[in-house]
Amino acid sequence: MSGVQPLLRSSVEGANVHMVDLSQLAQECAWASADYKAGDCLIFNCKTVHMGLDNNSDEVRISMDCRSSPICDPVSERQLQPNWDRQTWPEIYAASEWRDKSLQYYWERR
């Protein structure tokens, strides 16, 4: 087993971590698992309860979280903050070599 384990049926059951006792849900459902390899892709919806497993290799594990929503939906400021507020955008931009500054803060020009 490696990577991520989704809780089977959790998206169908409408699990919401704010409203459901996950320990009870975990007893009623089964965790899915597979032997994921580098380059594999796992796609599920935002209602799927899932957890990351320990990385027991000597390799770095990289994951990517992609989300989309209608352009008319509001975006909260919190969602635009990088790295769980461990850094600010000015710190990130200053530490990197951005060649095209027109791409910085692109969401503000919406």
Side-chain angles (χ1 to χ4, degrees):
M1 289 190 273
S2 62
V4 168
Q5 280 189 308
L7 188 59
L8 292 179
R9 296 179 37 231
S10 62
S11 63
V12 176
E13 302 296 326
N16 183 325
V17 293
H18 300 290
M19 301 175 71
V20 174
D21 178 356
L22 291 182
S23 61
Q24 180 183 351
L25 185 63
Q27 291 173 0
E28 296 170 3
C29 300
W31 291 100
S33 185
D35 190 18
Y36 303 109
K37 304 285 187 219
D40 286 352
C41 180
L42 178 63
I43 299 173
F44 48 84
N45 72 32
C46 63
K47 294 181 181 179
T48 302
V49 177
H50 60 285
M51 68 177 182
L53 301 175
D54 291 341
N55 182 2
N56 296 317
S57 75
D58 293 332
E59 303 295 322
V60 173
R61 180 191 302 159
I62 299 173
S63 65
M64 181 172 62
D65 182 352
C66 299
R67 301 169 188 227
S68 64
S69 61
I71 196 163
C72 60
D73 284 0
V75 176
S76 76
E77 283 297 317
R78 190 176 141 267
Q79 291 174 310
L80 298 174
Q81 300 311 309
N83 303 321
W84 300 280
D85 292 326
R86 289 182 287 183
Q87 286 182 294
T88 65
W89 283 115
E91 291 170 336
I92 290 172
Y93 291 142
S96 63
E97 296 181 17
W98 282 74
R99 293 188 182 114
D100 186 351
K101 297 205 184 283
S102 70
L103 297 176
Q104 294 180 5
Y105 306 103
Y106 69 89
W107 58 90
E108 293 178 353
R109 293 185 295 276
R110 212 171 141 192

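Both backbone and side-chain heavy atoms feed into the values below; hydrogens, waters and symmetry mates do not.
With rounding to the nearest 0.5 angstrom, the CG atom of Leu103 is 7.5 Å from the CZ atom of Arg109. Annotation: the span from Arg61 atom CZ to Asp54 atom CG amounts to 8.0 Å, rounded to 0.5 Å. Taken to the nearest 0.5 Å, the CZ atom of Arg86 stands 13.5 Å off from the CD atom of Gln81.
Side-chain atoms of Trp107 never come within 3.5 Å of backbone atoms of Val75 as a donor-acceptor pair (strictly under, hydrogens ignored). Here the side chain of Tyr93 pairs no donor or acceptor atom with the backbone of Thr88 at under 3.5 angstrom.
Atom CG of Asp100 is surrounded by more than 12 heavy atoms from other residues, nucleotides or ligands within 6.0 Å.
Among all heavy-atom pairs drawn from Ser57 and Asn55, the shortest one is OG-OD1, 2.8 Å.
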